[in-house]
Amino acid sequence: MKSEHIDRPAILAEVNAAFYRYEKALITNDTVVLDELFWHDPRTVRYGASENLYGIEEIREFRASRPSQGLDRALQNTVITTFGDDMAVASTEFTREGSDKIGRQMQTWVKMPSGWRIVAAQVSLMV
């Protein structure tokens, strides 16, 4: 891929907006927006800190059953890279107040007819 197709400013702005919309929904437990931003497909994968979720239904069930307290976090070292007009990868680290652990999150975003959607995600904690 030619470098002029990587991080086009308009596309990067779109993905940044989607990423930070997801982050706000995550810390406020807005399950409607969280559900909206994942691809509604059985091939969607989300590997969490302690769970492996395959398909949008398992992701929805997880979101509906998880605690809604203690979700605030601070992001650091966030890198979002776009490739062409319809694919991006977002990587970030996060910390939570009262914990020394550093969390890591990666998401693959694809622009669908309905907008930018997460097709794969991974969350882990450094030990």
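Small disclaimer: the values here were computed from a predicted structure and weren't measured.
Screening L34, L37, L71, V33 for a side-chain contact (heavy atoms from CB on, under 4.5 Å) involving L26 leaves a single residue, L34.
Within a 6.0 Å radius of CD in Q69, no more than 12 heavy atoms belonging to other residues, nucleotides or ligands are found.
Between the T92 side chain and the Q105 main chain, no donor and acceptor come within less than 3.5 Å of each other.
Between R66 and E51 there is no side-chain heavy-atom pair separated by less than 4.5 Å. In this structure the side chain of R63 reaches within 4.5 angstrom of the side chain of F38, judged on heavy atoms.
Other members of the cluster containing I27 do not exist, because no ILVMFWY side chain is joined to it at under 4.5 Å.
Clustering ILVMFWY residues whenever any of their side-chain heavy atoms sit less than 4.5 angstrom apart, transitively, puts Y54 in a cluster other than the one holding I59. I118 and V45 sit in two unconnected hydrophobic clusters of ILVMFWY residues. Membership requires side-chain heavy atoms under 4.5 Å apart, directly or through other members.
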Just distance, no hydrogens or angles: give the donor-acceptor pairs under 3.5 Å from side chains in residues 95-102, sequence neighbours left out.
from : atom 1 : to   : atom 2 : distance (Å)
R96  : NE     : G70  : O      : 3.4
R96  : NE     : D72  : O      : 3.4
S99  : OG     : K101 : N      : 3.1

Throw together a table of side-chain donor-acceptor distances under 3.5 angstrom for residues 106-115, partners on residues two or more places apart or in other chains.
from : atom 1 : to   : atom 2 : distance (Å)
Q107 : OE1    : W109 : NE1    : 2.9
K111 : NZ     : E14  : OE1    : 2.9

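A90 and I80 get closest at one heavy-atom pair: CB-CG1, 3.9 Å.
Note on R73 versus E23: salt bridge recorded, some NZ/NE/NH1/NH2 to OD/OE distance being below 4.0 Å.
Looking at R46 and N52, their side chains never bring a donor and an acceptor atom within 3.5 Å of each other.
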